[in-house]
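What you are looking at is a predicted structure, and each value in this text was computed from that prediction instead of being measured. Side chains included, hydrogens not; waters and symmetry mates left out as well; all remaining heavy atoms used.
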Amino acid sequence: MKSPQILRRHPALRWVVPVGALAFAFAATAVAVTGTSGQSRLPPTTAAKLMAAVSEARVGAGFSGTLLAQMTVDLPVSSDTGTGGALMAMLAGAHTMRFWYSGENRQRVALLSPTSESDVFQGGTDVWQWDSESRVAVHSMLPAAAQAGFGAPISPAPLTIAALTPQELTERSLAAVDDRTTVTVSDGHEVAGRPTYELVLQPSPNSPTRIASVHIAVDASEKVPLGVQVYARGLTRPSIDVGFTSVTYKTPAPDYFAFTPPSGSAVVPGAQPQIIATDASAAASDSAFAAPGIGWSAITEYRTADGQAAPTSAPMQTRMAAVSGPWGSGRLLQTPLLCMLVSDDGRVFSGSVEPGALYQAAATAP
């Protein structure tokens, strides 16, 4: 099966918004596919056909909606794309977001809280991330590879809530599928009052990943991902559960995508991390934006702008163990879904892998 076209269309948020808990990349491989229908209310389909339909989905008029993101385990988060100035902290619980989409070159995600709002605006080649509490605006430009329509998702190590949309998680999940991944489909489900199919992706039990499965709810008529659940191995509840509570298929007003940094705010440039191949069959790429397929055990490297250790909150520091080795010294965070290594020289390595894989990546990374 060819790489899903949705990845080649490069919806821009995937290039700039971090999603370190799921450092997924391209895979152009065959898939072990089975299909089930059960007590169907929808036209029967197979996993292969549904994956292709999701990849080819076009929502010409755009859509918008409200999302609920629930984290049942603590995850490390950062408020920007990796400039080194943002504090990394732990995230758990439920969070409300708004999402607007008007074509692959115009998107916006907003994280709502009682006293503040964090937004990601993408218009054309410009991507802005804005935090109303810190009054910091992070400005990034799409890389040449993204503008050309090819390349791999770029995922700095810290996770940001803005990346936790069904669209982003689905892209990275489909990109991680390899010939050892089992893919099944069923129906009889609903999300936001709309009938959905459910794709279930299960990495091989022998795969060196902490991800047990990814469940994707696909709108039966529009073929748009409406919900994603990510399960860590050994847990019966999803570590990440993101889904629309309401969705409207019509063009959002242009004002939703416009952003100008407010007077007195700080404007800083975004970072450009790289994905590291951890599979022996995947050779490292010279380009940070053309990494080869590396599947579920991908590791992402991120470097702070000033070469100093990435700033972390006090609660996060209490969860991290001091570690050292030939690669240097730093701190290690382990959760059921991912591991993160923060070195003292300003490098961060993250992936749904065991600590040893991070140590090896830190020792061999240029």
Side-chain angles (χ1 to χ4, degrees), residues 18-26 74-78 80-90 152-160 163 172 176 203 207-211 232-233 270-313 316-366:
V19 60
L22 301 171
F24 299 156
F26 267 111
D74 284 337
L75 294 174
V77 297
S78 174
D80 69 15
T81 54
T83 61
L87 187 71
M88 285 194 289
M90 303 302 289
I154 299 303
S155 307
L159 172 73
T160 64
R172 287 168 172 82
S207 176
T209 179
R210 293 193 168 196
I211 298 172
R233 287 182 173 172
Q272 292 184 344
Q274 66 178 12
I275 296 175
I276 300 171
T278 59
D279 189 303
S281 63
S285 171
D286 293 334
S287 171
F289 303 107
I294 48 186
W296 300 103
S297 57
I299 293 174
T300 304
E301 179 188 4
Y302 146 80
R303 301 188 183 191
T304 57
D306 54 11
Q308 301 298 313
T312 54
S313 66
M316 184 173 178
Q317 291 180 26
T318 64
R319 297 279 303 276
M320 305 181 78
V323 292
S324 63
W327 51 270
S329 61
R331 291 164 291 157
L332 176 71
L333 173 71
Q334 294 194 63
T335 77
L337 191 62
L338 68 87
C339 285
M340 176 181 287
L341 176 64
V342 180
S343 70
D344 292 337
D345 60 4
R347 298 180 298 161
V348 180
F349 298 87
S350 179
S352 295
V353 295
E354 298 303 316
L358 300 184
Y359 301 151
Q360 182 179 5
T364 58

Checklist line | Pairwise distance CE(M340) to CD1(I299) - rounded to 0.5 angstrom | finding: 12.0 Å

Notebook entry, point to check: What pair of heavy atoms forms the shortest contact from D344 to G330, and how long is it?
Noted result: OD1-CA, 3.5 Å

Check: What are the two closest heavy atoms between A176 and W296, and how far apart are they?
Finding: O-NE1, 3.3 Å

Checklist line | Pairwise distance OG1(T335) to CG(L337) - rounded to 0.5 angstrom | finding: 5.5 Å

Item checked: Q334: side-chain contact (heavy atoms from CB on, under 4.5 Å) partners, not counting sequence neighbours -> R210, L332, C339, P355

Item checked: Trace of the side chain to side chain contact (heavy atoms under 4.5 Å, CB included) decision for R233 with T209 -> CA-CA 9 Å; R233 287 182 173 172; T209 179; 3.9 Å; yes

Next item on the list: State, to 0.1 Å, how close F349 and L358 come at their nearest heavy-atom pair, and which atoms those are.
Entry: O-CD1, 3.8 Å

Next item on the list: Only pairs at least two apart or in different chains count here, so list each salt bridge (Lys or Arg N to Asp or Glu O under 4.0 Å) that has a residue in residues 355-366.
Entry: none

Check: Would you call S297 and V353 a side-chain contact if the rule is heavy atoms closer than 4.5 Å?
Finding: yes

Item checked: Nearest-0.5 Å distance, OH of residue Y359 to OG of residue S343 -> 12.0 Å

Check: Please, which pairs that meet salt bridge (Lys or Arg N to Asp or Glu O under 4.0 Å) have at least one residue in residues 357-366, sequence neighbours excluded?
Finding: none

